[in-house]
Amino acid sequence: GTSGPTVIGADVWPQEPSPDGRSVLAVDFEREPTGFNRGAELIAVDLESGERTVIDEAGRRESIGPAVWAPDGRSVAFRLSVWESDPAGRPPWPDPDHEMPCVVELGSESLCYPSLDSTYTVDWSPDGTSLLAAGPGSEPVRVLETSGEARVLLPPDGSEEIRSALQEAGHGDPIQFVGPSYSSSGCHVAA
């Protein structure tokens with residue numbers, strides 16, 4: 001556009017622009033002595049001034065990200081990964097002990113949903129009343145209402161219609177539904 005680039009930092013992973021286009025949501029990484037990169041802070045970077053605002057911070061054995069803005073720009077949903085060991089002492093490989101969706105309203109404490117452990121990605125519904133939460137192929141795609149209630153949208157192996165359509169197209173059986181996202185109408189989900 002008409003403005004110059006805004007440099008947000010070498011250890012910052014941009015997530016997405018805010019709904020109003022004034023800032024970018026990002027994760028600020030911290031490199032541990034073990035070489036492990038941990039998402040330490042969830043930040044918003046003002047695109048005009050470059051000023052950073054911390055939205056949430058991860059604990060010592062935690063990592064934040066990926067993250068997405070709510071449609072109204074007042075909340076952020078993100079994945080919180082938790083390890084039993086401190087990543088500063090030894091690399092926490094191969095996988096976190098827990099991965100759960102969390103929501104933080106700007107200026108408030110985050111609310112996490114440990115009952116949806118093994119969540120890799122989250123996506124807001126267009127009206128901001130629910131999230132899609134998806135994880136490994138052994139887990140279903142779930143809809144998480146802002147009230148905290150979760151329901152299965154798609155079982156791990158898909159529905160009979162989806163299995164038939166994939167087989168007819170020559171793709172075989174589904175093994176994982178990756179990165180599901182809502183359509184702008186909220187009537188469809190792509191994965």
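Model, not experiment: these values are computed from the prediction.
Between Pro87 and Thr34, the closest heavy-atom pair is O-OG1, 2.7 Å. Residues Pro136 and Gln176 come closest through the heavy atom pair CA-NE2, 3.6 Å. When all heavy atoms of Pro155 and Pro140 are compared, the pair lying nearest together is CA-CB, 4.0 Å. Shortest non-hydrogen contact noted between Gly158 and Arg163 is O-NH1, 2.7 Å. Ala134 and Val141 get closest at one heavy-atom pair: CB-CG2, 4.3 Å. When all heavy atoms of Leu47 and Gly21 are compared, the pair lying nearest together is CD1-O, 3.6 Å.
Under the rule for a side chain to side chain donor-acceptor pair (under 3.5 Å), the partners of Ser164 that lie at least two apart in sequence or sit in another chain are Glu160. Residues passing the side chain to side chain donor-acceptor pair (under 3.5 Å) test with Asp72 are Arg74, sequence neighbours excluded. Residues passing the side chain to side chain donor-acceptor pair (under 3.5 Å) test with Glu32 are Arg38, Arg60, sequence neighbours excluded. Residues passing the side chain to side chain donor-acceptor pair (under 3.5 Å) test with Ser75, sequence neighbours excluded: none. Looking at residues two or more places apart in sequence or on another chain, you find a side chain to side chain contact (heavy atoms under 4.5 Å, CB included) between Ile162 and Leu154, Ser159, Leu166, Phe177.
The backbone N or O of Leu132 lies less than 3.5 Å from no partner atom in the side chain of Asp123, so there is not a single donor-acceptor pair. Side chain of Glu99 to main chain of Arg79: no donor-acceptor pair is present (N/O by atom type, distance under 3.5 Å, no hydrogens or angles). In this structure a side-chain-to-backbone donor-acceptor pair under 3.5 Å is missing from Gln15 to Leu25. The backbone N or O of Ser130 lies less than 3.5 Å from a partner atom in the side chain of Ser125, making a donor-acceptor pair.
Residues Val24 and Val76 do not share a hydrophobic cluster, clusters being chains of Ile/Leu/Val/Met/Phe/Trp/Tyr side chains in contact below 4.5 Å. Under the 4.5 Å side-chain contact rule for hydrophobic residues, Val27 and Val82 share a cluster. Linking ILVMFWY residues whenever their side-chain heavy atoms come closer than 4.5 Å, directly or via other members, places Ile55 and Met100 in the same cluster. One hydrophobic cluster, built from ILVMFWY side chains closer than 4.5 Å, holds both Leu80 and Leu106.
In the hydrophobic clustering, where aliphatic and aromatic side chains (Ile, Leu, Val, Met, Phe, Trp, Tyr) are joined below 4.5 Å either directly or transitively, Leu111 groups with Val68, Val103, Tyr113, Leu116, Val122, Trp124, Leu131, Leu144.
Taken from CD1 in Ile64 to CD in Glu57, the straight-line distance is 8.0 Å, to the nearest 0.5 Å. Here the straight-line distance linking atom OG of Ser110 with atom CG of Asp56 works out to 4.0 Å at 0.5 Å rounding. Distance check: Ser23 OG to Glu16 CD gives 10.0 Å after rounding to the nearest 0.5 Å. From Glu149, atom CD reaches atom OG of Ser115 across 11.0 Å, with rounding to the nearest 0.5 Å. Atoms CG and NE2, on Asp117 and His98 in that order, are 6.0 Å from each other to the nearest 0.5 Å. Separation of atoms OH (Tyr182) and CG (Asp127) is listed at 8.0 Å; rounding is to 0.5 Å.
With respect to the salt-bridge test (charged N to carboxylate O, under 4.0 angstrom), the residues Asp28 and Arg52 qualify.
Ring pair Phe29/Trp13 is tilted by interplanar angle, where 30° to 60° counts as tilted.
Around CD of Glu145, the count of heavy atoms belonging to other residues, nucleotides or ligands within 6.0 Å exceeds 12.
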